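Here's the structure, in structure tokens; my notes come after.
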Amino acid sequence: QVQLVESGGGLVQAGGSLRLSCAASGSILSINSMAWYRQAPGKQRELVAEFIGAGRTSYADSVKGRFTISRDNAVNTQYLQMNSLKPEDTAVYYCNALILSSSNWRPLNYWGQGTQVTVSS
């Protein structure tokens, strides 16, 4: 059973910083991709940042220059460093990963439970 567990959300003032973590656990053979999404109230879930292969990353225009995605393959964990936070960054942030485990013959898409980030003005 593969699980993604996020942590690091909370309440912060505009201009502040937060660091989100997402730890993958279970019978993992390989992690093909990892990404962060977010969903604000009344809005669709949107892609925030992702790894696009060969160590390259991609970001939503709204967070470029402020957010940084990183990962530690040794512990199957990815991070999202969020700086210069704005009230419009308020959302539930979700970890997403495409993972091949010993329980399945092909990689499956997994989601974390989400962590709330609230930025006050």
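The figures here come from the full heavy-atom set of this structure, side chains too, leaving out hydrogens, waters and symmetry mates. These numbers were taken from a predicted model, which means no experiment stands behind them.
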How long is the span from the [atom1] atom in [X] to the [atom2] atom in [Y], to the nearest 0.5 Å?
X	Y	atom1	atom2	value
S120	Q13	OG	CD	5.0 Å
K64	S58	NZ	OG	6.5 Å
Q78	S70	CD	OG	8.0 Å
L85	S17	CG	OG	6.0 Å

Over all heavy atoms of both residues, which pair between [X] and [Y] is shortest? Give the atoms and the distance, please.
X	Y	value
G9	V117	CA-CG2, 4.2 Å
C95	M34	SG-CE, 4.5 Å
T90	A40	O-CB, 3.7 Å
A24	I99	CB-CD1, 4.2 Å
L4	A97	CD1-N, 3.8 Å
L80	Y93	CD2-CD2, 4.1 Å

Got a donor-acceptor contact below 3.5 angstrom from the [X] side chain to the [Y] backbone?
X	Y	result
S101	S103	yes
E6	G114	yes
Q81	I69	no

[X] with [Y], same ILVMFWY side-chain cluster at under 4.5 Å:
X	Y	result
Y79	F67	no
L18	V48	yes
V92	L20	no
W36	I31	yes

Pair W111 and Y37, ring centroids less than 6.0 Å apart: yes
Side-chain heavy atoms of V2 within contact of I28, under 4.5 Å: yes
With a 4.5 Å heavy-atom cut-off, do Q39 and Y94 have their side chains touching? yes
Please determine whether side chain to side chain contact (heavy atoms under 4.5 Å, CB included) holds for the pair Y59 and T68, giving the CA-CA distance in whole Å, both sets of side-chain angles, and the decisive distance to 0.1 Å. CA-CA 8 Å; Y59 298 90; T68 302; 3.8 Å; yes
Side chains of [X] and [Y], donor plus acceptor under 3.5 Å:
X	Y	answer
D72	T77	no
R38	T115	no
T118	Q116	yes

Are K86 and D89 within salt-bridge range, i.e. N to O under 4.0 Å? no
Looking at F51, is R71 sitting on its ring face, NZ or CZ under 6.0 Å from the six-membered ring centre and within 45 degrees of the normal? yes
